Amino acid sequence: MLNCKKYKRVPVVDYPERTWPDKQIEKAPIWCSVDLRDGNQALVEPMVVEEKIEMFKMLVDLGFKEIEIGFPAASQIEFDFLRQLVERKMIPDDVTVQVLSQCREHLIRRTFESIQGIPKAIVHIYNSTSTLQRDVVFHMDREEIKQIAVAGTKMVQKCMRDYDGKVILEYSPESFTGTELDFALDICTAVQETWGATPDNKIIINLPATVEMTTPNVYADQIEWMNRHFKNRDSIILSVHPHNDRGTGIAATELALLAGADRVEGTLFGNGERTGNIDILNIAYNMFSQGIDPQLNIDNIKKIAEVYERCTKMTIDPRHPYAGSLVFTAFSGSHQDAINKGVQAMKERHSEIWEVPYLPIDPSDIGRVYEPIVRINSQSGKGGVAFIMDTFYGFKLPKGMHKEFADVIQKISEKQGEVAPEIIMEEFRKCYLDRKEPIHFKKCQITDTETEPGEFATLAKVTYTDHGETKVFEGIGNGPIDAVQSGLEKALDVNIRVLDYSEHALTSGSGAQAASYIHLMDVNTGRVTYGVGISSSVTRASLRGIFSAVNRLFYPEEG
């Protein structure tokens, strides 16, 4: 049995003045990708230089204006990678690279060596400030910890004397979520004042959820408390860097934006230590789904995922939001039916606003296609099969036919599991379009005939084969379908009734075909079925549909 007494609750913030619950996200934050540092250091097999370069190029193409390159003082490969970007002139003028360093003099000096030749860089320094780490790791009090941060800031200023570019300072009180708020404010203010931040020379104060310790609302309270207590707030860019230890990193980030954060650090698909950083794409697509421009070029999630998986050797979960292979897939019959009806309603209403049940966004907007939206298995229903036939192949099955054909596919799925669209079409062709035996329609001559003086009807002269033997019948009716029905009844000695008939264009252009659906009843037994015919002639398609239905109704064993 779980020993829950082993753990204690993390204290919440007593902050009744909070205002973030009444706010909404109105615009995208400043995005900073940390894939090449946080994401890379968490890989079982870290990226080599060329893989890092490919990832960097993609981040630039995605529109990131701030990209953390790594910890260049920590390893030679990190240093060499940054120098490659500089020497190959791969850093665009509108992109600012960010480098990380602990508040230690030799590391900061090495960091400045790595950025020589870059016109502008973010130098990100940090030290851990949490109650727990002060106690068990550093054995230091608050003042000693604060002096580490202040000293680190002065070292950056000292190294800037030999640097010919512009430096933006970023400071992180690492383990912010485990730090007393008054101390977090004290140490951040000390760094801010030492740096001499102004509205024209802002400092980035980054408040990381280095370890996600409690519910997202508490993180939001912490961010808002800091946001409202900072001195000279107009001299600060307030940044957040949440992790996902409790699985609520996305929510924590979104609430932090409501609480006043200006900037978000994260990775693609949430790669990072332990359970990962927050997934910037997830948050960006969330914004997009609410009509907010995410300010990133993320209209091809498939391409992003391919580069990510190749460079990181990580696999994206099939249920990962937006990117997973199954996130736009419905197996449930009721879901499939609702998706089908939603898509049809949008077409009929010519709506420019996306409103489809179970699909918060149009998959095609992010480079996904309709092909995987509905997949058929034993849990699927009639709506899903109809959706496949319409979306993939253009057959708009009459509503009454949905269940009849879905029952056919259901039996297949119960035997083999998921049924691919091409198998569904193959079965449709076998069950309906190719049901030409034993009664096979060959040709038909349609003319008008005078039944009484001044009264005319349709005369159909039909050539067909019956078990391979060529035969001819004639029928008279109020139209081609009625005339052929009448002739068939006499020729085959059956009693049939056409319950419903519908047709539609199957393709467009000079070679357009029509699809016709005939709902036929055996009057003697009450059994009913559908037949389907296609042809460039609507009349011929209808007559093929009748013969298809007759074969299904009276000769099922010969299908």
Side-chain angles (χ1 to χ4, degrees), residues 7-15 17-18 20-21 29 32 34 37-38 41-42 68 100 102-103 124-138 140-142 145-146 148-149 170-192 204-230 236-267 270 272-280 282-283:
Y7 302 95
K8 64 180 181 179
R9 290 195 178 193
V10 175
V12 300
V13 179
D14 182 16
Y15 187 54
E17 307 96 300
R18 65 182 64 86
W20 60 262
C32 177
V34 296
R37 196 269 299 177
D38 253 25
Q41 74 181 16
E68 187 170 82
L100 182 74
Q102 293 172 327
C103 294
H124 181 186
I125 61 172
Y126 72 96
N127 65 312
S128 191
T129 59
S130 70
T131 310
L132 181 62
Q133 292 216 39
R134 295 199 313 263
D135 178 27
V136 303
V137 178
F138 300 107
M140 291 182 178
D141 61 21
R142 287 187 176 191
I145 293 292
K146 182 169 72 172
I148 292 175
E170 175 174 351
Y171 173 69
S172 291
E174 192 201 2
S175 303
F176 165 74
T177 44
T179 303
E180 308 91 331
L181 282 177
D182 64 324
F183 179 52
L185 179 65
D186 183 34
I187 196 169
C188 289
T189 301
V191 170
Q192 176 188 3
I204 300 171
I205 298 294
N206 186 54
L207 303 178
T210 308
V211 177
E212 190 178 28
M213 301 174 71
T214 185
T215 50
N217 62 296
V218 176
Y219 188 54
D221 281 348
Q222 291 171 319
I223 297 301
E224 183 172 324
W225 189 94
M226 293 288 287
N227 184 44
R228 294 179 67 177
H229 286 81
F230 277 131
I236 294 172
I237 296 171
L238 178 51
S239 177
V240 293
H241 181 119
H243 279 251
N244 196 41
D245 301 86
R246 292 168 56 90
T248 57
I250 298 297
T253 305
E254 292 180 328
L255 296 189
L257 290 174
L258 298 179
D262 307 307
R263 181 177 184 268
V264 172
E265 293 187 347
T267 61
E273 291 193 47
R274 305 182 309 278
T275 52
N277 296 67
I278 53 94
D279 178 2
I280 283 181
N282 192 342
I283 299 171

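Predicted model, so just to flag it, every value in this text is computed and none were measured.
- Legend: residues meeting salt bridge (charged side-chain N to carboxylate O under 4.0 Å, His left out) with Arg134, ordered by chain and number and at least two apart, are Glu180.
- Among all heavy-atom pairs drawn from Tyr171 and Ala149, the shortest one is OH-CB, 3.5 Å.
- Across all their heavy atoms, Ala42 and Gly272 have their closest contact at CB-C, 3.3 Å.
- Across Ile204, Val34, Asn206, a single residue satisfies side-chain contact (heavy atoms from CB on, under 4.5 Å) together with His124, and that is Asn206.
- The line from OG1 of Thr177 to CD1 of Ile223 is 9.5 Å long, rounded to the nearest 0.5 Å.
- Side-chain contact between Pro173 and Thr179 is absent, with no heavy-atom pair separated by less than 4.5 Å.
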**Request:** Could you please spell out the steps behind the side-chain contact (heavy atoms from CB on, under 4.5 Å) verdict for Trp20 and Leu255?
**Result:** CA-CA 7 Å; Trp20 60 262; Leu255 296 189; 3.9 Å; yes

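- Annotation: salt bridge (charged side-chain N to carboxylate O under 4.0 Å, His left out) contacts involving residues 215-225, sequence neighbours excluded, comprise Arg18-Asp221, Glu224-Arg228.
- Taking every heavy atom of both residues into account, Cys188 and Ile205 meet most closely at SG-CG2, 3.7 Å.
- Within a 6.0 Å radius of CG in Asp14, other residues, nucleotides and ligands contribute 12 heavy atoms or fewer.
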**Item:** CA sep, side-chain torsions, deciding dist, call: Thr275, Asn244, side chain to side chain donor-acceptor pair (under 3.5 Å)
**Value:** CA-CA 5 Å; Thr275 52; Asn244 196 41; 4.8 Å; no

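- Arg142 and Asp186 are not joined by a salt bridge, as no carboxylate oxygen comes within less than 4.0 angstrom of a charged side-chain nitrogen.
- Separation of atoms CG (Asp182) and CE (Met226) is listed at 10.0 Å; rounding is to 0.5 Å.
- Two residues are said to be in side-chain contact when any heavy atoms from C-beta on lie closer than 4.5 Å; Met213 and Val218 fail this criterion.
- Residues forming a side chain to side chain donor-acceptor pair (under 3.5 Å) with Glu254 (at least two apart in sequence, or on another chain): Asn286.
- Annotation for Pro242 and Glu265: closest pair CD-O, 4.1 Å, computed over non-hydrogen atoms.
- Every residue two or more places apart in sequence or in another chain was checked for a salt bridge (charged side-chain N to carboxylate O under 4.0 Å, His left out) with Asp135, and none qualifies.
- Contact of the Thr215 side chain with the Arg246 side chain is registered, since non-hydrogen atoms from C-beta on lie closer than 4.5 Å.
- Nearest approach of Gln222 to Val13, heavy atoms of both residues: CG-CG2, 3.6 Å.
- Val211 is listed as a side-chain neighbour of Arg274, based on a closest heavy-atom distance under 4.5 Å.
- The line from OG1 of Thr189 to CD1 of Ile236 is 7.0 Å long, rounded to the nearest 0.5 Å.
- Leu185 is listed as a side-chain neighbour of Phe230, based on a closest heavy-atom distance under 4.5 Å.
- Judged as a side chain to side chain donor-acceptor pair (under 3.5 Å), and not counting sequence neighbours, the contacts of Asn227 are Arg233.
- For the pair Phe138/Asn127, no side-chain contact is recorded, criterion being any heavy-atom separation below 4.5 Å from C-beta on.
- In this structure, the side chain of Asp245 engages the main chain of Glu212 through a donor-acceptor pair within 3.5 Å.
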**Message:** The test is side-chain contact (heavy atoms from CB on, under 4.5 Å); show your working for Tyr15 and Leu181 and say whether it passes.
**Reply:** CA-CA 11 Å; Tyr15 187 54; Leu181 282 177; over 6 Å; no

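- Looking at heavy atoms from C-beta onward, His241 lies out of side-chain contact with Ser172 at the 4.5 angstrom threshold.
- In this structure, OG1 on Thr248 lies 13.0 Å from NE2 on His243, to the nearest 0.5 angstrom.
- Between Ile280 atom CD1 and Thr267 atom OG1 the span is 7.0 Å, to the nearest 0.5 Å.
- Atoms OG1 and CD1, on Thr129 and Ile187 in that order, are 6.0 Å from each other to the nearest 0.5 Å.
- When the side-chain contact (heavy atoms from CB on, under 4.5 Å) test is applied to Glu174, the partners found at least two apart in sequence or on another chain are Tyr126, Ser128, Thr210.
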